[in-house]
Trainee: 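Let me give you the structure first, and then I'll get to my questions.
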Amino acid sequence: MKVLSVFGTRPEAIKMCPLVLSLERTRGIRSEVCLTGQHRELLHSVTELFGVRADYDLSLMRPDQSLSDIFCAVLSGVGEVLARSVPDLVLVHGDTSTSCAAALAAFYRHIPVGHVEAGLRSHDRYSPFPEEMNRRLTGVLASYHFAPTADSKANLLAEGITQNVFVTGNTVIDALSATVRPDHVFSCDALRSGELFSHRCVLLTAHRRENIPYALAAVCRAVRRLTETFGDIRVICPLHPNPAVRRVVLPLLRDCPGVILTEPLDMPDMHNLMARCTLVLTDSGGLQEEAPALGVPVLVLRSETERPEGLRAGCVRLAGTEEEGIFRSASLLLSNETERLRMARAVSPYGDGHASERIVRAILHSFPSAEAAS
């Protein structure tokens, strides 16, 4: 059988490349890859690291594209790829415009879709935006649902999606085993200073559309206060390429002595930086899964999360989007090592690093002809 994996952003690539490699190693499956280029400048460093070659590279990103522009370009571009490739199964990941549009393109051609990281829900259609609606729509279009946790499966069942739902763990944990090394040499100049890691390091990432500009500005003000209160910390902030993010962050943090602003980090640098941090502040979804697996507490810069497993496990807490709440939550963990270690030592609920293998086994089981060939 032929399986076409479609992805276009760096977070998707981090989580899909281990799965692509597992597909390539499996007899009975012919694996192909289509990159849409939704995050072109961030995407290829990940595929190169894993040695994943694209059979189709659409390079769809253009300056100042709207969400509608991206969706329509992916729908049309992937549709043309499907006409040429004619796969037996299309795999998409998570909640991006690439995933939703590619799933719709496959549906139009009666090609079944497998949804990797299925079932995450915040239950607020506008937060995160547009991700919450993207993943709901993808779930309706998909025929196979690879849920990372039991919670994700329960969300699907509650929506009436009961067939071909598999709990697999999260493929991002698979990726960490390939990137985190104690002897890692950072490619980012700002991270190569031996002096940096003599301080307590805090990783900050913030880019959610719904947080721009007001909540993002509150995050930055809280971070300034943290560096003024805790002189021994260094906050490393890789800047998202989105100009709207930079217009908020740069005026507030550019001249802050305790903050180190960098360009986006490649995946090995990001994972190895995270592993060396005391604390992570983020509105990202992936970091809520990655950091706990590395024993690093996470404060989520949102008022809700579609990853409640981390909250229950105790490795993740919601800090909200108000300056005072963020400052108080981070101050507690920076001033109380017992409290921080309680979070750091909590067991990650996101899997054991074998999610890709489980997904491949589920595909083989669902397509008897492939299983026979293997």
Trainee: Under a 3.5 Å distance rule, please check whether Q288 uses its side chain to pair with a backbone N or O of S284 as donor and acceptor.
Mentor: yes
Trainee: Is the side chain of E210 donor-acceptor paired with the backbone N or O of S127 at a distance under 3.5 Å, no angle test?
Mentor: no
Trainee: Give the C-alpha distance, both sets of side-chain angles, the deciding distance and a yes or no for salt bridge (charged side-chain N to carboxylate O under 4.0 Å, His left out) between R209 and E132.
Mentor: CA-CA 12 Å; R209 292 175 186 267; E132 174 73 3; over 6 Å; no
Trainee: Just by distance, no angles: are the side chains of S85 and E32 close enough, under 3.5 Å, to form a donor-acceptor pair?
Mentor: yes
Trainee: Which pair of heavy atoms, one from R276 and one from C201, lies closest together, and at what distance?
Mentor: O-CB, 4.5 Å
Trainee: Heavy-atom distance under 4.5 Å between the side chains of T305 and V316, does that happen here?
Mentor: no
Trainee: Please round to the nearest 0.5 Å and tell me the distance separating atom CG of L91 and atom CD1 of I359.
Mentor: 8.0 Å
Trainee: Quick one: does any side-chain atom of D283 pair with a main-chain N or O of L301 as donor and acceptor, under 3.5 Å?
Mentor: no
Trainee: Begin with the C-alpha distance, continue with both residues' side-chain angles, and end with the deciding distance and a verdict on side-chain hydrogen bond (donor to acceptor under 3.5 Å, both in side chains) for S22 and R25.
Mentor: CA-CA 5 Å; S22 289; R25 290 192 294 264; 3.2 Å; yes
Trainee: Are V140 and I111 connected in the hydrophobic side-chain network, where two residues link if heavy atoms are under 4.5 Å apart?
Mentor: no
Trainee: Is it the case that over 12 heavy atoms from other parts of the model lie below 6.0 angstrom from the CZ atom of R109?
Mentor: yes
Trainee: Just by modelled atom types, is the P268 backbone N or O under 3.5 Å from a matching donor or acceptor in the N272 side chain?
Mentor: yes
Trainee: Is there a side-chain contact between Y56 and V33, using heavy atoms and a 4.5 Å cut-off?
Mentor: no
Trainee: Say whether T171 and D174, considering side chains only, have a donor N or O and an acceptor N or O under 3.5 Å apart.
Mentor: no
Trainee: Would you confirm whether the ring centroid of F197 sits within less than 6.0 angstrom of the ring centroid of H199?
Mentor: no
Trainee: Side chain of Q65, backbone of L60: donor and acceptor closer than 3.5 Å?
Mentor: yes
Trainee: Would you kindly say whether D266 and S45 are connected by a side-chain donor-acceptor distance under 3.5 Å?
Mentor: no
Trainee: Around atom CG of D64, are there more than 12 heavy atoms from other residues, nucleotides or ligands closer than 6.0 Å?
Mentor: no
Trainee: When you measure from the side chain of Y126 to the backbone of M133, do you find a donor-acceptor pair of N or O atoms at a distance under 3.5 Å?
Mentor: no
Trainee: List in chain and number order the residues that pass side chain to side chain donor-acceptor pair (under 3.5 Å) with E323, two or more places apart in sequence or in another chain; answer none if no residue qualifies.
Mentor: R221, R225
Trainee: What is the distance from atom CD of E117 to atom CG of L19, rounded to the nearest 0.5 Å?
Mentor: 12.0 Å
Trainee: Roughly how far, to the nearest 0.5 Å, is NE2 of H110 from CG of L82?
Mentor: 12.5 Å
Trainee: Applying the 4.5 Å side-chain criterion to the ILVMFWY set and letting contacts propagate, would V249 and I260 be lumped into a single cluster?
Mentor: no
Trainee: Just wondering, do L120 and D95 contact through their side chains at under 4.5 Å, heavy atoms?
Mentor: no
Trainee: Using every non-hydrogen atom in the two residues, find where M1 and D88 come nearest and quote the distance to one decimal.
Mentor: CA-OD2, 3.3 Å
Trainee: Using 0.5 Å steps for rounding, measure from the CG atom of L35 to the CG atom of D57.
Mentor: 5.0 Å
Trainee: Counting neighbours of CD on E159 that are heavy atoms of other residues, nucleotides or ligands and sit closer than 6.0 Å, is the number greater than 12?
Mentor: yes
Trainee: Do other residues, nucleotides or ligands put more than 12 heavy atoms under 6.0 Å from the CZ atom of R30?
Mentor: no
Trainee: Hey, is the main chain of I29 close enough, under 3.5 Å, to the side chain of T26 for a donor-acceptor pair?
Mentor: no
Trainee: Does atom CD of E195 have more than 12 heavy-atom neighbours, drawn from other residues, nucleotides or ligands, at distances under 6.0 Å?
Mentor: yes
Trainee: Determine, using the 4.5 Å side-chain heavy-atom cutoff (strictly less than), whether V113 and F71 are members of one ILVMFWY cluster.
Mentor: no
Trainee: Is it the case that the side chain of H240 and the backbone of N242 share a donor-acceptor pair, with hydrogens and angles ignored and the cut-off at 3.5 Å?
Mentor: yes
Trainee: Which heavy-atom pair separates V360 from L23 by the least distance, and what is that distance?
Mentor: CG2-CD2, 3.9 Å
Trainee: If every non-hydrogen atom of P292 is compared with every non-hydrogen atom of L287, which pair is closest and at what distance?
Mentor: CD-O, 3.8 Å
Trainee: How close do G8 and L43 get, heavy atom to heavy atom, and via which atoms?
Mentor: O-CD2, 3.8 Å
Trainee: Answer with yes or no whether the hydrophobic clustering places V296 together with F230; edges join I, L, V, M, F, W, Y residues whose side-chain heavy atoms lie under 4.5 Å apart.
Mentor: no
Trainee: A side-chain contact here means heavy atoms from C-beta on lying under 4.5 Å apart; do V167 and P148 qualify?
Mentor: no
Trainee: Verify the neighbour count for atom CZ of R192: are there more than 12 heavy atoms of other residues, nucleotides or ligands below 6.0 Å?
Mentor: yes
Trainee: Just by modelled atom types, is the T168 backbone N or O under 3.5 Å from a matching donor or acceptor in the R358 side chain?
Mentor: yes
Trainee: Can you tell me how far apart CD1 (I173) and OG (S356) are? Round to the nearest 0.5 Å.
Mentor: 11.0 Å
Trainee: Any idea which heavy atoms bring H115 and R135 closest together, and the distance?
Mentor: CE1-O, 3.9 Å
Trainee: Would you check if there is a donor-acceptor pair between the side chains of E12 and S99 at a distance under 3.5 Å?
Mentor: yes
Trainee: Does some side-chain heavy atom of R234 sit less than 4.5 Å from a side-chain heavy atom of T227?
Mentor: no
Trainee: State, yes or no, whether a side-chain contact exists between F327 and L226 at a heavy-atom distance under 4.5 Å.
Mentor: yes
Trainee: Check whether any side-chain heavy atom of M61 lies under 4.5 Å from a side-chain heavy atom of I70, and answer yes or no.
Mentor: yes
Trainee: For the residue pair M267 and F50, establish whether any side-chain heavy-atom pair is separated by less than 4.5 Å.
Mentor: yes
Trainee: Do E289 and K15 meet the salt-bridge criterion of a basic N to acidic O distance under 4.0 Å?
Mentor: yes
Trainee: Decide yes or no on salt bridge (charged side-chain N to carboxylate O under 4.0 Å, His left out) for E309 and R312, but give the supporting numbers first.
Mentor: CA-CA 5 Å; E309 306 90 349; R312 286 200 307 274; 5.5 Å; no
Trainee: Please round to the nearest 0.5 Å and tell me the distance separating atom CZ of R302 and atom CG of D124.
Mentor: 9.0 Å
Trainee: May I ask you to check whether S122 and E304 show a side-chain donor-acceptor distance below 3.5 Å?
Mentor: no
Trainee: Just by distance, no angles: are the side chains of T9 and T96 close enough, under 3.5 Å, to form a donor-acceptor pair?
Mentor: no
Trainee: Keeping R84 on the side-chain end and E80 on the backbone end, is there a donor-acceptor pair under 3.5 Å?
Mentor: no
Trainee: Tell me, yes or no, whether the heavy-atom count around F107 atom CZ, taken from other residues, nucleotides or ligands under 6.0 Å, exceeds 12.
Mentor: no
Trainee: Tell me whether I363 is reachable from Y144 by hopping between hydrophobic residues (I, L, V, M, F, W, Y) whose side-chain heavy atoms are closer than 4.5 Å.
Mentor: yes
